[in-house]
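Working notes, beginning with the structure itself.
Just so you know, residue 1 is the first one in the sequence shown, and it goes up from there.
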Amino acid sequence: MIKPKHLSLETASADKLSLEALYQICPACFTERRNERTGELERVVNFDTLRQLLGDSAVEDVAEAYEFTWVGKQEARREVARPIRKTMRPIKEDSVDWDTTQNIYIEGDNLEALKLLQKSYLGKVKMIYIDPPYNTGNNFVYNDNFSSTLKEDELAAGNIDELGNRYRRNTDTNGRFHSDWCSMIYSRLLMARNLLTEDGVIFISIDDNEQRNLKNICDEVFGEKNFVAQLVWERAYSPKNDAKYISNSHDYVMMYAKQIDCFEIGRLGRTEDANRRYSNPDNDPRGVWKPSDMSVKTYNAACDYKITTPSGKIVEPPAGRCWRLSAKAFAERLRDNRIWFGTDGNSVPCIKRFLTELKNDGMAPTSILFYKEVGHSQEGAKEVVSLFGDKGVFDGPKPVRLLERLITLANLKDDSIVLDFFSGSATTAHALMKINAEKDMQCRYILVQLPEPINASKKDVGYANICEIGKERIRRAGRKIKEELAAKRGETGLLDWNKEKREPDTGFRVFRIDESNMKDVYFAPKDYEQSTLGTYTIDVKEDRNGLDLLFGCMLDWGLQLSLPTAEETVDGCTLYTVGEGYLVACFSPGVTHRVLKTIAGKSPQRIVFRDDCFQSDDSKINVYESLKQLLQWSDDEVMKNVRVI
């Protein structure tokens with residue numbers, strides 16, 4: 001008899017993800033044991049075998065070793081490993097172009113969001129940008145667990161919101177001022193790294209208050225060898241004359257690759273200033289050029305030879321260096337007039353680098369981000385004001401040009417995913433939509449933001465929290481981008497724009513993190529015996545609808561939230577189809593044979609039902625047997641591909 005399995009409806013724990021990664025590179029250290037609660041076999045690590053395989057590289061303890069630590073670090077690790085019983089509920093009324101957009105906006109705690117995204121976006125995100133709190137004594141936001149009574153008191157006092165997110169001021173008199181910040185960012189970066197592609201990259205904005213701590217944390221999480229650069233952003237265009245000591249005019253952007261050997265930096269477009277450095281003193285018909293040093297530090301005996309200049313002077317490589325070209329390659333370049341000895345023919349030879357040959361390569365980026373090139377903090381504020389009128393709705397937004405530069409450095413592909421889990425005013429979305437429109441790309445974003453109440457001084461602007469501001473900015477920025485494209489289309493006379501260029505995706509799907517779709521009684525396996533589990537009813541909360549259940553199943557089965565969904569009714573049952581049959585779901589009672597035939601006709605990869613769709617175990621067995629025949633699946637395939645909630 002086929003006995004269906006239930007979807008777990010909770011996030012994958014970090015330890016399971018780590019075990020899976022370890023199994024891929026070292027399967028010999030694994031064995032199997034039977035889970036006492038479920039009765040199923042599971043993979044576990046045999047530490048004795050692992051130690052033997054590691055040899056002298058395995059140690060139990062080190063008396064003295066270099067390590068960056070703080071109070072709360074171990075608890076932060078435990079928090080990462082702890083699964084949560086949460087879900088993401090679709091909010092269609094706040095969304096734009098729900099049916100067609102590929103972009104995602106998530107309201108809620110970003111650590112919970114990162115946990116919920118693990119299965120669906122593991123290794124799928126090309127770029128992450130975050131602008132976390134700078135820890136300057138402003139409100140420090142974090143999530144905590146409270147008893148029911150305490151939660152009601154805190155809510156009434158205004159210390160937490162209705163979702164249980166607690167706020168407190170992290171002043172420098174707090175004994176754990178830096179530790180609390182380190183724990184907050186450490187746990188989130190551990191989760192975020194899992195989401196990056198092998199050639200992915202992360203950028204983190206920070207100031208002097210936590211810069212050195214962030215560098216130490218990133219070295220541990222991403223590995224020192226994957227450090228790319230600490231970019232310096234000139235955020236102020238004029239000094240503060242009232243500064244007590246030094247007018248601080250810069251912030252930092254920390255940059256790490258997931259795997260430095262896989263990452264390729266994006267090159268910058270050439271500037272007029274850079275092009276003016278090229279000239280043509282010998283009137284070469286190939287155009288302007290720039291002399292390039294012909295010697296290198298790495299010594300190679302084959303490239304250590306004497307060169308005779310046109311004036312007859314003998315030239316050798318500088319001490320400890322050699323020529324960049326072999327003798328044969330040098331002779332070929334000389335015949336092709338690609339070697340320059342100076343106007344007098346007596347100078348040390350250089351290689352001609354023609355501008356026409358470099359334009360497609362672009363320019364190497366520098367570690368200093370000058371405000372003239374990427375914008376300053378006041379520019380970011382003006383951009384928001386220009387969208388919202390005279391309303392100053394958000395403090396300290398990053399300029400769009402800064403994010404455009406980072407996106408360029410990330411070297412995105414056409415369908416890359418960009419994640420920002422401290423999204424604030426949604427500058428990341430604005431910049432990505434702009435680049436997509438200009439370069440005819442279809443990159444996607446996922447933004448996460450806690451619905452923090454806005455500053456009390458801004459209560460009259462009409463927005464209750466930061467999420468409302470972020471969503472409205474995306475709407476307005478999207479409309480502006482489309483208007484600018486329409487104007488450009490009119491100027492160029494392209495009457496049929498879609499034939500020349502793809503329409504940019506300026507929509508987004510909104511999701512809100514909430515408690516599980518299932519009543520709490522379902523989630524207490526430790527309280528029940530295996531023999532009595534079947535006597536308890538699995539119940540859906542009364543305020544949840546079919547879309548809530550569908551997207552909960554998508555997260556649990558590892559499907560991306562941007563996949564298109566379709567809805568139809570067959571014999572009074574509502575069917576949901578995700579993508580081209582990635583998942584077909586039915587949460588309605590009274591499943592008929594016609595309903596099953598319709599499901600099978602979609603050639604589904606996965607099928608999910610609500611447990612109370614079936615009046616009895618016999619009807620459930622009949623459904624499974626029917627699907628087995630209609631889809632020509634084996635018993636194992638049915639067990640693997642069909643679930644109930």
Side-chain angles (χ1 to χ4, degrees), residues 1-10 37-41 87 90 119-120 516-519 521-523 525 528 530-542 544-559 563-645:
M1 180 181 74
I2 298 175
K3 184 178 180 180
K5 294 182 179 179
H6 287 86
L7 283 172
S8 66
L9 301 179
E10 69 176 11
R37 183 173 63 83
T38 65
E40 296 183 351
L41 289 175
T87 190
K119 290 182 181 179
S120 300
S516 167
N517 291 319
M518 315 307 291
K519 291 183 177 178
V521 68
Y522 175 61
F523 292 111
Y528 308 116
Q530 177 70 25
S531 60
T532 61
L533 281 176
T535 64
Y536 296 95
T537 302
I538 300 172
D539 230 346
V540 176
K541 291 176 180 174
E542 287 79 4
R544 307 304 163 95
N545 57 37
L547 274 182
D548 290 328
L549 300 180
L550 177 68
F551 280 95
C553 294
M554 288 170 63
L555 285 170
D556 194 70
W557 232 322
L559 298 178
L563 286 171
T565 59
E567 183 178 332
E568 63 183 299
T569 302
V570 180
D571 284 352
C573 294
T574 301
L575 299 184
Y576 298 95
T577 304
V578 178
E580 297 180 358
Y582 293 122
L583 171 67
V584 179
C586 178
F587 307 120
S588 305
V591 176
T592 66
H593 188 70
R594 184 167 170 239
V595 170
L596 298 179
K597 285 187 67 176
T598 303
I599 292 174
K602 299 177 183 296
S603 301
Q605 296 179 22
R606 309 166 184 85
I607 305 169
V608 65
F609 296 100
R610 185 167 163 171
D611 205 20
D612 55 9
C613 286
F614 311 106
Q615 296 179 349
S616 65
D617 285 343
D618 288 342
S619 62
K620 189 184 299 185
I621 293 169
N622 289 336
V623 165
Y624 276 65
E625 289 295 338
S626 296
L627 286 173
K628 178 181 170 182
Q629 295 177 14
L630 289 168
L631 291 164
Q632 297 184 336
W633 281 352
S634 65
D635 287 345
D636 287 342
E637 287 174 317
V638 174
M639 290 291 290
K640 178 182 176 182
N641 300 329
V642 183
R643 292 283 192 275
V644 294
I645 60 170

I'd like to check the side chain to side chain contact (heavy atoms under 4.5 Å, CB included) partners of Asn622; sequence neighbours left out, ordered by chain and number. none
What's the separation between atom [atom1] in [X] and atom [atom2] in [Y], rounded to the nearest 0.5 Å?
X: Glu567; Y: Leu547; atom1: CD; atom2: CG; answer: 6.0 Å
X: Ile645; Y: Cys553; atom1: CD1; atom2: SG; answer: 4.5 Å
X: Leu631; Y: Ser626; atom1: CG; atom2: OG; answer: 10.5 Å
X: Phe587; Y: Asp612; atom1: CZ; atom2: CG; answer: 11.0 Å
X: Arg643; Y: Asp556; atom1: CZ; atom2: CG; answer: 9.0 Å
X: Leu550; Y: Leu555; atom1: CG; atom2: CG; answer: 10.0 Å

Taking all non-hydrogen atoms of both residues, which atom of [X] and which atom of [Y] are closest, and how far apart?
X: Leu549; Y: Asn517; value: CD2-CB, 3.7 Å
X: Glu637; Y: Gln632; value: OE1-O, 4.1 Å
X: Ala600; Y: Pro604; value: O-CD, 3.9 Å
X: Glu542; Y: Lys519; value: OE2-NZ, 2.9 Å

Holding to side-chain hydrogen bond (donor to acceptor under 3.5 Å, both in side chains), I want the full list of residues that pass it with Arg606, two or more places apart in sequence or in another chain. none
Holding to side-chain hydrogen bond (donor to acceptor under 3.5 Å, both in side chains), I want the full list of residues that pass it with Asn641, two or more places apart in sequence or in another chain. none
Show me, pair by pair, the donor-acceptor contacts under 3.5 angstrom made by side chains of residues 570-585, not counting sequence neighbours?
residue: Asp571; atom: OD1; partner: Arg594; partner atom: NH1; Å: 2.8
residue: Asp571; atom: OD2; partner: Thr592; partner atom: OG1; Å: 2.8

Sidechain-backbone polar pair: Lys628 side chain, Asp635 backbone, donor-acceptor under 3.5 Å: no
Do Lys620 and Tyr624 come within less than 4.5 Å of each other through their side chains, counting heavy atoms only? yes
Going by heavy atoms in the side chains, are Met518 and Asp539 under 4.5 Å from each other? no
Check the pair Arg544, Thr87 against side-chain contact (heavy atoms from CB on, under 4.5 Å), reporting the backbone distance first and the verdict last. CA-CA 11 Å; Arg544 307 304 163 95; Thr87 190; 4.0 Å; yes
Check the surroundings of atom NZ in Lys640: do more than 12 heavy atoms from other residues, nucleotides or ligands lie under 6.0 Å from it? no
With side-chain contact (heavy atoms from CB on, under 4.5 Å) as the test, pick out the partner of Ile607 among Val638, Val644, Val642. Val642
Is there any ring pair (Phe, Tyr, Trp, His ring centres under 6.0 Å) pair reaching into residues 591-612, and which pairs are they, with sequence neighbours excluded? Phe609-Phe614
Taking salt bridge (charged side-chain N to carboxylate O under 4.0 Å, His left out) as the definition, give me every residue that meets it alongside Lys602, ordered by chain and number, with sequence neighbours left out. Glu568
